[in-house]
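Contents: one structure, followed by commentary.
In what follows, every chain begins at residue 1, and chains take the letters A, B, ... in the order their sequences are listed. Quick caveat, the model's predicted, so the values are computed rather than measured.
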4 protein chains.
Amino acid sequence: MMEFGLDARTEEYRAALTEFMRTYVYPAAEVFSAELDGLQDRWAWDSVPVLEKLRGQARQRGLWNLFLPGAEGAGLTNVQYAPLAEITGWCPQLAPAALNCAAPDTGNMEILERFGSELQRAKWLQPLLDGTIRSAFAMTEPDVASSDATNIETRIVRDGDHYVLNGRKWWITGAMNPNAAVFVVMGKSDVKADRHRQQSMVLVPRDTPGLEIVRAMTVFGYDDRSHGGHAELRFTDVRVPVTNLIGDEGDGFAIAQARLGPGRIHHCMRAIGVAERALEMICARADERVAFGRLISEQGVIRAWIAESRVRIEQLRLLAHKAAWLMDTAGNRAAHNEIQAIKIAAPSTVQWILDKAIQVHGAGGLSQDLVLAEAYASIRTLRIADGPDEVHRGSLARAELNRQRRSRSVRTESGGPTPGVVPTGKE
Amino acid sequence: MMEFGLDARTEEYRAALTEFMRTYVYPAAEVFSAELDGLQDRWAWDSVPVLEKLRGQARQRGLWNLFLPGAEGAGLTNVQYAPLAEITGWCPQLAPAALNCAAPDTGNMEILERFGSELQRAKWLQPLLDGTIRSAFAMTEPDVASSDATNIETRIVRDGDHYVLNGRKWWITGAMNPNAAVFVVMGKSDVKADRHRQQSMVLVPRDTPGLEIVRAMTVFGYDDRSHGGHAELRFTDVRVPVTNLIGDEGDGFAIAQARLGPGRIHHCMRAIGVAERALEMICARADERVAFGRLISEQGVIRAWIAESRVRIEQLRLLAHKAAWLMDTAGNRAAHNEIQAIKIAAPSTVQWILDKAIQVHGAGGLSQDLVLAEAYASIRTLRIADGPDEVHRGSLARAELNRQRRSRSVRTESGGPTPGVVPTGKE
Amino acid sequence: MMEFGLDARTEEYRAALTEFMRTYVYPAAEVFSAELDGLQDRWAWDSVPVLEKLRGQARQRGLWNLFLPGAEGAGLTNVQYAPLAEITGWCPQLAPAALNCAAPDTGNMEILERFGSELQRAKWLQPLLDGTIRSAFAMTEPDVASSDATNIETRIVRDGDHYVLNGRKWWITGAMNPNAAVFVVMGKSDVKADRHRQQSMVLVPRDTPGLEIVRAMTVFGYDDRSHGGHAELRFTDVRVPVTNLIGDEGDGFAIAQARLGPGRIHHCMRAIGVAERALEMICARADERVAFGRLISEQGVIRAWIAESRVRIEQLRLLAHKAAWLMDTAGNRAAHNEIQAIKIAAPSTVQWILDKAIQVHGAGGLSQDLVLAEAYASIRTLRIADGPDEVHRGSLARAELNRQRRSRSVRTESGGPTPGVVPTGKE
Amino acid sequence: MMEFGLDARTEEYRAALTEFMRTYVYPAAEVFSAELDGLQDRWAWDSVPVLEKLRGQARQRGLWNLFLPGAEGAGLTNVQYAPLAEITGWCPQLAPAALNCAAPDTGNMEILERFGSELQRAKWLQPLLDGTIRSAFAMTEPDVASSDATNIETRIVRDGDHYVLNGRKWWITGAMNPNAAVFVVMGKSDVKADRHRQQSMVLVPRDTPGLEIVRAMTVFGYDDRSHGGHAELRFTDVRVPVTNLIGDEGDGFAIAQARLGPGRIHHCMRAIGVAERALEMICARADERVAFGRLISEQGVIRAWIAESRVRIEQLRLLAHKAAWLMDTAGNRAAHNEIQAIKIAAPSTVQWILDKAIQVHGAGGLSQDLVLAEAYASIRTLRIADGPDEVHRGSLARAELNRQRRSRSVRTESGGPTPGVVPTGKE
């Protein structure tokens with residue numbers, strides 16, 4: 001029986017998390033900004049006291065590692081976690097980190113939990129679960145269209161008991177943070193293997209010789225230091241023991257795919273939270289700003305934006321929940337199309353809403369006084385990160401064309417006419 | 001527990017209905033056109049043999065009055081009926097009529113079932129349920145913005161044992177059909193009463209003296225005779241017995257509201273079926289048309305349309321299902337916002353997809369050879385019928401603003417800061 | 001010196017034509033409708049008395065054949081004719097025909113004037129200039145993407161002193177009219193010649209044996225009988241004397257290209273007139289319709305539509321004038337990109353405005369009571385006719401990419417850095 | 001006679017300026033960045049050596065103060081200056097400043113030239129014309145909708161031979177620069193006067209006691225230090241001599257209006273230059289980036305963007321030129337609607353193109369490596385600065401409604417029917 005309500009466990013978590021946001025997270029926002037400004041190392045965002053305190057409070061309340069489905073996490077399904085991830089989107093700078101649910105650590109924990117050796121789990125998964133270290137995921141490269149993972153050019157060559165890495169990466173989120181202790185690096189270990197078996201993934205500790213943090217990338221002028229920035233990296237004869245390989249040689253592509261599904265859903269759910277917050281801000285501003293003698297909440301154009309925002313958010317959330325439900329009930333692979341659909345839909349929808357929110361707030365909306373411009377920059381990035389919209393649309397279209405071809409051939413075999421061919425209502 | 005799958009009963013109906021569409025409905029489409037052309041009375045669409053046959057077949061298979069929730073119908077919930085209504089949208093000229101699930105009869109049956117007297121049920125509901133007569137719903141007027149039902153100007157004045165009607169109506173769908181035996185007419189019985197108690201609804205048999213069928217309206221050049229056209233009516237001292245009043249005097253507005261919810265969901269679900277069929281046609285055409293040396297299914301712009309269509313249809317369907325579920329579980333009134341949201345979203349989304357479908361088919365897409373242009377005209381109408389988009393957006397915005405005001409005041413009382421006000425990530 | 005004003009001659013014509021529209025054309029519109037309804041032959045639109053009268057009045061006032069640049073027409077440049085063509089768009093059913101400036105006759109007259117033999121000019125051009133016969137242009141075919149003229153499959157084979165034609169055509173505008181005395185037919189005379197030399201054009205009198213008018217196509221639900229409908233034609237061993245060849249064998253493609261430039265500009269200018277009329281209707285309606293207690297001209301959403309319409313019309317007109325000016329000063333070929341640009345921009349812009357005009361008028365806007373729905377159908381067609389938007393965008397993009405390549409290579413040779421490569425404002 | 005070509009003088013300037021851009025400006029961009037980074041005072045952008053050199057070179061070549069129409073500038077008309085302003089948009093960080101044509105100094109020079117006293121011209125206009133000082137324009141306030149200038153709350157009170165200023169301003173562009181020696185400040189001198197006579201404008205030297213530079217505002221994450229940032233200012237009992245009044249008391253509103261016309265045109269022309277550069281970058285990137293085995297310049301979606309960009313830029317430029325021509329030939333007031341139209345059209349069109357340019361460049365497009373993200377932030381600002389789009393649309397709609405009302409009343413008086421009322425083509 002179709003059912004759109006949340007179960008009791010999710011409702012409990014939602015209540016607790018909403019309370020946590022109001023009581024601890026929102027009041028911490030300004031302190032966080034101030035403490036970031038006071039840092040010695042510009043990038044060491046996770047060492048500020050207010051965050052440490054928040055994380056303690058979250059842990060105490062059982063709001064910790066909610067993202068992780070297995071026994072080591074909270075054991076929530078995707079459908080249960082989705083509404084919680086959305087709430088963390090109300091304050092994306094602080095809330096995910098406070099709950100140890102921030103990318104890219106979440107994805108890294110997932111693959112270590114699923115594919116990591118005993119040794120790897122002890123050495124890196126445990127401290128990540130405890131929140132004592134951070135990590136990064138190094139896949140994107142400057143010289144190739146990395147949306148097609150088979151283009152990766154970084155080399156991972158076995159040399160005795162070691163792998164030797166050479167190559168360049170950029171947009172490695174979180175990697176500017178000195179406390180990001182380990183990098184999950186994707187590269188090619190065998191360029192002669194089958195196209196999807198050429199890649200391997202290895203763990204590279206931050207302090208390994210030959211690994212150079214070249215510079216920080218900015219996004220619309222933001223360096224995103226509040227979650228560790230985005231680094232350009234250079235690997236020159238970087239050596240790690242073979243025990244740092246995740247899974248087997250050639251597993252890289254498959255592991256990367258496995259990592260993507262949940263990650264995309266989490267991103268999209270948080271983006272929906274961002275949209276909800278933006279709509280909240282639109283309504284609040286519209287109820288207090290007067291222009292040409294009337295509250296702007298009484299002006300038709302603003303009302304049309306509010307209604308459209310609500311209509312779009314509702315549809316978006318349902319699509320994300322549906323994808324999460326499919327992942328839970330049929331597996332990530334079966335949910336591939338739905339995950340792709342939400343990956344396409346979420347960023348552009350939320351971007352549209354943020355654009356309106358900025359417009360409603362006037363110049364303040366573009367500035368450091370409000371969260372909107374920074375959120376816009378961050379959401380805009382999602383139309384490129386993990387593959388640009390155009391690639392996902394092309395791929396989803398291919399799937400749709402194939403589905404329709406199969407469906408047509410079934411109908412043809414069964415002898416019946418098809419709806420697309422038979423005209424009706426002719427005059 | 002959230003659940004997006006259909007239940008067993010719905011799946012059974014879907015299988016039966018899909019089979020029915022392929023085996024009976026599609027092959028009947030061309031015959032239907034030809035038989036319409038052969039009619040003596042241009043408007044007597046429901047008297048053609050092929051339709052009579054289809055209706056018999058539907059009845060035999062239990063695919064009859066599926067829309068009606070109570071004992072007199074199939075007893076389906078809105079969530080169960082929604083996916084079936086969608087399927088009838090694959091062939092909107094024939095399928096809804098074949099199943100006795102066509103507007104405006106459905107809405108009229110609903111109100112007679114809920115508000116009709118014994119007499120009214122015997123005289124009109126039963127033959128409507130049996131499909132032996134048709135009906136019309138006369139609300140819209142040419143001179144006033146009828147999206148606000150309180151503007152209605154037609155007068156219904158008690159005179160002894162009769163009501164006397166005077167006024168004009170237009171866009172009365174189905175009313176050109178000589179077999180549309182009864183009209184449900186909305187008018188004002190007491191202009192001094194409270195704003196929402198001025199209206200009453202009466203049943204007016206077609207042959208009542210003083211009721212004049214003035215002319216047929218066209219929509220983008222179509223007269224829509226395949227479902228009885230759209231009539232302009234004039235009521236001049238039309239007298240009906242007081243037993244023709246539905247409910248009590250002053251109940252008109254409330255009955256009209258009650259009628260709207262399910263009607264809108266049905267329209268939207270059928271529109272989604274139209275969109276699915278259009279997407280099917282896009283894919284089929286794209287796989288056979290060659291332009292500049294390549295199948296157009298290999299061209300990026302067409303693929304982007306296909307992907308976007310899929311993404312938008314998925315979101316739309318989920319929103320419609322959610323609204324249906326809310327109606328089932330919390331009542332039509334509680335589902336008001338969701339019904340309004342789908343009323344806003346469906347027409348413009350489906351119109352966008354039909355526009356692309358026409359473009360993919362070239363000039364043929366505009367012509368009588370395919371269903372697309374006629375579907376476009378029909379869907380475009382939905383952005384005006386039952387209130388233009390702008391009115392619904394205004395109303396949904398008002399609801400959202402109110403919701404946010406309540407939410408802000410709760411937060412203010414509880415002393416916590418609000419997410420819209422506290423900036424984070426300041427530099 | 002840049003100059004956007006109209007010259008004195010154009011201003012004179014504009015004043016005369018505006019006066020003519022108000023005094024004669026508008027009042028004739030209802031009569032025209034009625035007379036069309038009274039026709040024996042449904043398609044003989046140009047034989048109704050009111051049109052004959054209008055044409056006499058136009059001729060008397062020197063408002064005749066304004067479109068034709070040479071001595072046989074009014075001798076206007078494209079820049080001078082453009083604002084006049086726009087005015088005829090205020091009433092596209094009547095005004096172009098009243099002035100003998102209606103497609104497809106205009107294009108046919110142009111090619112006869114430029115490429116026709118003495119004989120052809122005497123026999124067909126003169127009566128067309130006099131407005132005593134009509135014509136059609138038969139190029140589009142049902143089975144191929146005719147936007148690429150090299151796809152044409154109709155065969156024109158020389159046999160002694162005759163050409164023999166075989167093939168199918170559709171969407172041949174005006175051809176249902178019994179008074180359309182001659183068809184300009186495009187076909188292939190030599191499938192082995194160079195790609196753009198395979199086509200020839202011949203004149204086929206309507207009554208030639210073997211030429212069959214198969215049926216009338218409809219656009220949405222309109223059969224466009226007010227300008228002769230759109231015919232499907234079948235040519236079966238249709239024989240015409242070799243003197244009916246226009247130009248030489250193999251000239252077909254070049255003549256078709258020459259015909260396109262002015263034709264497109266005329267279409268676009270008329271479309272701009274349609275948009276102006278729609279905006280006029282929006283404003284008039286907005287100033288008289290009350291909804292929820294206020295004139296809708298006071299509602300923000302309507303105002304935003306009005307402003308956007310004005311902004312878009314202004315830009316569109318300037319683009320059309322610029323293209324016309326380029327045609328006058330540098331030739332049709334040099335103006336190719338600009339003509340393509342206006343061909344892309346005009347239909348979708350005007351469609352957008354018409355959609356808003358319909359919405360402002362409610363259900364009436366969809367109906368036969370106003371010109372809007374019919375205009376919408378007609379403008380929508382322009383996104384497909386003469387090649388779909390997508391083909392023109394692809395072609396314009398190719399031109400732009402080539403232009404940029406040349407520009408880059410010049411810059412590279414001259415040793416200077418290029419703006420696209422040198423970043424500025426780095427942090 | 002309509003004429004779209006540029007005159008000889010403009011062509012000469014264009015050639016010279018294009019050459020100047022390639023030879024001097026582009027190569028200076030990286031140096032400028034580096035020198036900015038090396039500044040002691042973060043905001044003293046105009047003191048870096050490379051800019052000083054550029055300005056010398058521009059002056060030597062007669063590319064100096066081109067914006068200023070009178071004898072003190074280059075004496076160009078708006079139509080002549082417009083294509084030159086566009087070229088400076090290819091490198092908006094450097095080119096306008098290099099030519100002494102950068103806002104807000106240009107607008108300030110204009111009002112001093114038109115309204116300044118001898119003393120004011122000697123003291124401030126001359127050094128501005130020489131480029132030895134900079135200036136700022138202080139109008140926008142944080143607490144009121146400053147798009148309506150009558151809302152201004154800063155007070156300017158006469159006290160003997162002085163005016164005393166109190167109030168807050170923000171988004172005062174250029175004011176962070178220590179070399180911005182004088183601020184043009186708008187405030188209210190008489191709150192009881194007529195609505196548009198309450199405001200006055202005074203010159204406030206930067207070092208006047210009581211004038212506090214509170215902080216720098218950021219736009220997205222940019223502080224725009226490359227043109228002096230955007231300051232928040234506080235005026236506390238700031239005293240200036242009465243000779244610092246520009247014009248008379250009460251002239252403030254009128255002077256502000258006079259300042260707006262040319263300023264908006266300049267902004268829009270530069271924005272068109274930004275769009276041209278973005279399109280150039282799109283084409284260059286599309287010709288070198290391979291994705292899924294093909295150059296992306298061969299992919300249909302990218303091509304559609306290129307074509308659309310070209311079509312939109314052409315229309316935008318024509319609208320700007322038309323507005324400039326009207327300003328030249330009929331005056332700024334007569335060009336009001338056209339200026340408003342280009343103010344509405346330019347930012348959103350250019351934003352659309354920049355969004356596509358970013359998407360084509362992938363993550364790099366968001367970063368400091370390319371100019372696109374910063375240009376996007378800057379262009380986005382224009383949808384708010386000088387009044388948000390919504391205000392301008394509302395105002396343009398009001399003008400259109402009034403124009404149409406006058407036109408309807410003329411037609412009604414002359415007795416003729418109107419095109420908006422008479423239907424044609426009825427069936």
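- When all heavy atoms of A/A345 and B/V311 are compared, the pair lying nearest together is CB-CG1, 3.7 Å.
- The line from CD of A/Q404 to CE of B/M281 is 11.5 Å long, rounded to the nearest 0.5 Å.
- Of the listed residues B/G394, B/A341, B/G5, the one with more heavy-atom pairs under 4.5 angstrom with chain A than any other is B/G5.
- Of the two parts of B/R403, only the side chain, counted from C-beta on, holds a non-hydrogen atom closer than 4.5 Å to a non-hydrogen atom of chain A.
- Summarising the geometry, atom CD belonging to A/E280 is positioned 8.5 Å from atom CZ belonging to B/R408; distances are rounded to the nearest 0.5 Å.
- Shown are B/E308, B/R310, B/R303; of these, the side-chain contact (heavy atoms from CB on, under 4.5 Å) with A/R393 is made only by B/E308.
- Heavy-atom minimum distance, B/M2 versus A/F4: CE-O, 4.0 Å.
- Proximity to chain B (any heavy atom under 4.5 Å) is shown, for A/L316, by both the backbone and the side chain.
- The candidate with the highest count of non-hydrogen atom pairs below 4.5 Å against chain B, out of A/T329, A/L318, A/D328, A/D389, is A/L318.
- Interface remark: A/H392 contributes no atoms to any contact with chain B (heavy atom separation under 4.5 Å).
- Residue contact with chain A, scored on non-hydrogen atoms closer than 4.5 Å, involves the backbone and the side chain of B/L319 alike.
- In this structure, B/E3 and A/M1 approach most closely via the heavy-atom pair CG-O, 3.0 Å.
- Atom CG of A/D287 and atom CG of B/L401 lie 5.5 Å apart (nearest 0.5 Å).
- With chain A as the partner, the residue from B/H321, B/E298, B/E338 showing the most heavy-atom pairs under 4.5 Å is B/H321.
- Looking at A/L279, the atoms closer than 4.5 Å to chain B (heavy atoms on both sides) sit in the backbone and in the side chain alike.
- Contact annotation: the side chain of B/C283 never approaches that of A/R405 to less than 4.5 Å [non-hydrogen atoms, C-beta and beyond].
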